2 protein chains.
Amino acid sequence: MNPLRISELAKKGGVGVETVRFYQRKGLLDAPQGSATAGRHYGADDVRRLRYIRKAQTAGFTLSEIAELIDLDRADDRPRARDMARARIAALDEKIAELTEARAALAKLAKDCAKGGAGPCPILAAFD
Amino acid sequence: MNPLRISELAKKGGVGVETVRFYQRKGLLDAPQGSATAGRHYGADDVRRLRYIRKAQTAGFTLSEIAELIDLDRADDRPRARDMARARIAALDEKIAELTEARAALAKLAKDCAKGGAGPCPILAAFD
DNA sequence: CTTGACTCCGTACTATGGTACGGAACCTAT
DNA sequence: ATAGGTTCCGTACCATAGTACGGAGTCAAG
């Protein structure tokens with residue numbers, strides 16, 4: 001397949017060139033293959049990898065967890081991958097519960113404030 | 001009221017001394033009142049303010065939004081407070097939806113992986 | 001009156017995820 | 001062959017929310 005320039009790879013991944021380079025520095029993407037500069041050093045693997053990173057990120061994995069997942073992928077270590085997924089799901093559940101609670105509290109405050117009785121605004125007073 | 005040392009204020013707020021000083025630098029808490037050093041410069045107002053900050057944080061407000069809320073409190077600007085609460089609720093809703101989606105996707109992958117058929121682990125392959 | 005605890009203050013460092021800059025090399029078209 | 005565009009690379013910078021450190025001053029107890 002026709003090799004890509006870094007700017008083309010970035011575009012296909014929906015990120016900026018600097019972000020691609022940042023991922024390379026983090027070891028998430030391979031460094032340019034051709035020895036020299038200004039060439040077309042990237043292929044379909046790199047595009048796939050970049051998209052993998054972005055999708056894993058939306059699942060809430062941090063970049064260093066993603067680095068681990070990539071290693072797991074190489075080693076085909078399914079039990080460890082399941083562990084990570086379970087841990088991530090638990091963290092997600094916790095975060096969701098936390099945000100849901102905050103949302104409910106805030107919604108109640110906003111409603112009370114809108115009702116507009118006298119006295120201080122409940123939103124402002126609530127945190128007192 | 002008996003004035004507090006910074007370490008006592010920090011303890012009452014459930015944070016470290018350095019965090020109190022960080023909030024002071026950000027203008028979220030007032031700087032020590034007594035001119036000199038090593039004194040008991042803080043009072044009940046500071047404790048209340050510190051707890052306000054921590055509670056607002058759990059509602060998802062950033063420190064600079066909290067700085068704004070504190071100003072609003074001083075100005076008793078209820079409409080603006082309602083606006084901020086609404087915006088925060090919307091952001092919370094968006095975040096919750098996003099995490100819920102990620103959770104569902106990940107849970108499905110984990111289940112498929114546990115079912116353990118042949119082929120590559122779905123968790124590892126999914127982001128491909 | 002010295003020691004230890006505590007304070008204030010500035011500065012620097014951490015982690016996370018990027019974003020930007022400047023120099024040198026290199027490829028392509030004119 | 002020279003200009004323009006692009007690359008590589010290192011380094012520095014951004015926001016967010018802290019955390020840590022070293023120096024100097026002060027206060028109370030021994």
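The structure presented is a predicted model; accordingly, all values stated were derived computationally and were not measured. Lettering follows sequence order; numbering is per chain, from 1.
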Residues in contact with DNA chain C, drawn from residues 90-99 of chain A - heavy-atom cutoff 4.0 Å:
none
Heavy-atom contacts under 4.0 Å between residues 11-22 of chain B and DNA chain C, which residues?
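DNA chain C contact set from residues 11-22 of chain B: Arg21(B).
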All N/O donor-acceptor pairs, side-chain side in residues 14-26 of chain B, below 3.5 Å, sequence neighbours left out:
residue  : atom : partner  : partner atom : Å
Tyr23(B) : OH   : Arg54(B) : NH2          : 3.4
Gln24(B) : NE2  : Asp30(B) : O            : 3.4
Gln24(B) : NE2  : Tyr42(B) : OH           : 3.0

Side-chain donor/acceptor pairs under 3.5 Å, residues 60-71 of chain B, sequence neighbours excluded:
residue  : atom : partner  : partner atom : Å
Thr62(B) : OG1  : Ser64(B) : OG           : 3.4
Thr62(B) : OG1  : Glu65(B) : N            : 3.2
Glu65(B) : OE1  : Thr62(B) : N            : 2.9
Glu68(B) : OE2  : Arg80(B) : NE           : 3.2
Glu68(B) : OE2  : Arg80(B) : NH2          : 2.7
Asp71(B) : OD1  : Arg74(B) : NH2          : 3.2

Sorted by chain and number, sequence neighbours left out, salt bridge (charged side-chain N to carboxylate O under 4.0 Å, His left out) with Lys108(A) holds for Asp112(A)
Below 4.0 angstrom from OP1 or OP2 of [N], is there any side-chain N or O of [X]?
X: Arg25(A); N: dC8(D); answer: no
X: Tyr23(A); N: dG18(C); answer: yes
X: Gln57(A); N: dG18(C); answer: yes

Ile53(A) CD1 to dT16(C) C1': how many Å, rounded?
15 Å
Among residues two or more places apart or on two chains, list those pairs meeting salt bridge (charged side-chain N to carboxylate O under 4.0 Å, His left out) that have a residue in residues 7-16 of chain A.
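Passing the test, one end in residues 7-16 of chain A: Arg5(A)-Glu8(A), Glu8(A)-Arg40(A).
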Through what angle, rounded to 10 degrees, does the axis of the helix from dC1(C)-dG30(D) to dT30(C)-dA1(D) turn between its ends, using five pairs per end?
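The value is 30°.
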Check this for me: Glu101(B), atom CD, are more than 12 non-hydrogen atoms of other residues, nucleotides or ligands nearer than 6.0 Å?
no
Looking at every strand, decide which applies to Ser64(A) at a 4.0 Å heavy-atom threshold: base, sugar-phosphate, or nothing.
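Nothing: the residue Ser64(A), judged by heavy atoms under 4.0 Å, touches no strand.
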Which residue pairs satisfy the side-chain hydrogen bond (donor to acceptor under 3.5 Å, both in side chains) criterion with at least one member in residues 83-97 of chain A, sequence neighbours excluded?
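Only Asp83(A)-Arg86(A), Asp93(A)-Arg103(B) qualify under side-chain hydrogen bond (donor to acceptor under 3.5 Å, both in side chains).
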